[in-house]
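Here the structure is laid out as structure tokens; the discussion comes afterwards.
What you see below is based on every heavy atom in this structure, not just the backbone, and it leaves out hydrogens, waters and symmetry mates. Chain letters run A, B, ... following the sequence lines, proteins first, then strands; residues in each count from 1.
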There are 2 protein chains.
Amino acid sequence: MAKIKRNRNGTRKDVIIAKAAKLFREKGFSATSMRDLAEHVGVEAASLYNHISSKAEILQEICFKTANNFMSQIEEVDATPNKTAIEKIQAILRFHIKQMLENYEEVYVSDREWKHLTDPYLSNMQTQRRAYRQRIASIIEDGIRKGEIKPIDAPTAVLIMLHAVSGIESWHRSKKKIAGEVLEDNMVQILVDGLRKQS
Amino acid sequence: MAKIKRNRNGTRKDVIIAKAAKLFREKGFSATSMRDLAEHVGVEAASLYNHISSKAEILQEICFKTANNFMSQIEEVDATPNKTAIEKIQAILRFHIKQMLENYEEVYVSDREWKHLTDPYLSNMQTQRRAYRQRIASIIEDGIRKGEIKPIDAPTAVLIMLHAVSGIESWHRSKKKIAGEVLEDNMVQILVDGLRKQS
DNA sequence: TGAAAATGCTAACATTTGTTAGCTGATTTT
DNA sequence: AAAATCAGCTAACAAATGTTAGCATTTTCA
């Protein structure tokens with residue numbers, strides 16, 4: 001009886017996926033039941049299946065939409081001429097942070113819950129994630145070669161960068177939030193120049 | 001019929017918890033069933049209950065053992081005199097990294113799956129985690145006051161540090177692992193001094 | 001306006017879930 | 001050697017799970 005309210009510019013499927021993203025973030029994919037989701041959408045569980053074909057499909061949509069988003073951006077950055085490696089890294093970092101602030105639920109879910117995808121989506125996502133990290137590592141190695149970046153292990157640097165950014169989850173939960181731009185500047189500065197005060 | 005093999009210096013309960021930690025890391029707490037766990041232990045599901053009282057208890061043991069471990073260490077570091085803030089931060093970082101390398105499964109699980117604890121354990125853990133971050137933030141703020149650390153937002157720095165370290169998960173999965181000590185040095189260096197080459 | 005499509009509902013299904021009961025045989029303790 | 005504890009088993013449970021079938025109502029649009 002209770003219809004799913006559909007915002008302009010969004011299908012009912014979009015509403016379901018948005019609510020699902022929120023629940024998947026809070027409780028995890030496996031611990032979220034379809035009845036749970038239905039209740040938050042304001043509908044009976046069976047009714048969801050008029051809009052989606054399975055629980056798995058919801059996760060797939062969330063993960064691949066997000067992954068494509070990041071892939072597009074890194075290609076854009078990488079293709080931009082006249083950019084130093086440090087600038088490229090900064091651009092990627094800022095994009096990650098902005099995404100984490102603007103599309104928190106979906107970005108978080110696709111980062112933490114992609115393991116629950118099933119093949120062939122699972123392998124696909126693994127490949128995509130590996131490729132993404134590899135591209136960043138290449139930028140860093142390029143920067144090292146050109147003397148802009150310290151000679152550190154590039155994969156380690158990538159690993160630190162990406163996980164540091166995902167820590168914005170704690171920021172979201174925090175009581176005394178600092179402004180988004182301040183957070184962004186702080187994160188980029190700490191990662192690029194470190195904690196220690198240069199004397 | 002098939003008995004649980006018990007290593008010297010370990011009860012059968014310990015064996016179960018160790019196997020559980022591995023499964024919880026791979027598939028998550030909710031997606032791991034007791035029958036799953038039993039199979040990996042080499043026993044029927046019902047037999048597990050001769051050693052543990054519930055699935056929830058397993059998660060509790062993993063989480064609180066790990067949390068206590070980290071709490072002890074930070075108290076020790078914090079109480080050590082004649083240490084600069086940077087040195088304290090380094091000590092904490094190295095401890096985290098070492099724990100991640102040595103007790104990977106349990107550290108990972110207690111970091112990622114504690115949300116599935118139930119009250120009162122859940123609230124307890126939340127409090128403990130908040131307190132832990134607060135202690136590190138205080139060290140950083142102290143370092144800022146003394147001019148050892150750049151004037152950045154301390155909670156942001158904590159968030160970066162802790163999540164960066166948890167990225168060692170990717171290192172574990174990586175094909176071409178660098179040595180543990182090299183990883184440790186790289187991580188500490190990047191976090192403390194940043195990516196950019198000082199000119 | 002009337003037909004087609006979309007969206008909701010209730011009921012039910014087959015599995016899977018965590019856990020308990022009750023039993024048998026082994027191991028330890030006295 | 002007898003008694004007590006430990007550690008495994010099979011069978012079963014109640015609840016929760018994802019999903020489908022079948023039907024009613026509303027919305028869309030020709």
Closest listed nucleotide, where the reference is the side chain of B:Val43 and the choices are D:dT19, D:dC9, C:dT19: D:dC9
Residue-level proximity of residues 31-38 of chain A to DNA chain D when a heavy atom falls under 4.0 Å: A:Thr32, A:Ser33, A:Met34, A:Arg35
Spacing between B:Glu57 atom CD and C:dT19 atom C1', to the nearest angstrom: 14 Å
Short side-chain N/O contact to D:dG8 OP1/OP2 from B:His51, under 4.0 Å: yes
Atom pair distance, as rounded to whole Å: CG in B:Asp14 and P in D:dA7: 12 Å
Passing candidate, side chain to side chain contact (heavy atoms under 4.5 Å, CB included) with B:Ile16, options B:His40, B:Glu61, B:His51: B:His51
Salt-bridge criterion met for A:Lys65 and A:Glu106 (N-O under 4.0 Å): yes
Between C:dA5 (C1') and A:Arg12 (CZ): distance, integer Å: 12 Å
Length of the CG-P vector between B:Leu23 and C:dG18, whole Å: 12 Å
Cation-pi check, A:Lys55 onto A:Phe29 ring (under 6.0 Å, within 45° of axis): yes
Between C:dG8 (C1') and A:Lys13 (NZ): distance, integer Å: 18 Å
Residue A:Glu44, side-chain atoms from C-beta onward, closest of D:dC9, C:dT10, C:dG18: C:dT10
B:Ile52 CD1 to D:dA7 P, straight-line distance once rounded to whole Å: 14 Å
Between C:dT17 (P) and B:Lys55 (NZ): distance, integer Å: 9 Å
Side-chain ion pair, B:Glu39 and B:Arg35, N-O less than 4.0 Å: no
No-hydrogen, no-angle side-chain donor-acceptor test under 3.5 Å, A:His163 and B:Glu169: yes
Any N/O pairs under 3.5 Å between the protein and nucleotides 20-22 of chain C? List them or say none.
none

Residues A:Gln189 and A:Asp185: side-chain donor-acceptor under 3.5 angstrom: no
Intermediate values then yes/no, side chain to side chain donor-acceptor pair (under 3.5 Å), A:Ser123 and A:Asp119: CA-CA 6 Å; A:Ser123 330; A:Asp119 270 326; 2.2 Å; yes
Salt-bridge present (A:Arg135, A:Glu75; N to O < 4.0 Å): yes
Centroid separation A:Tyr108 to A:His96 less than 6.0 Å: no
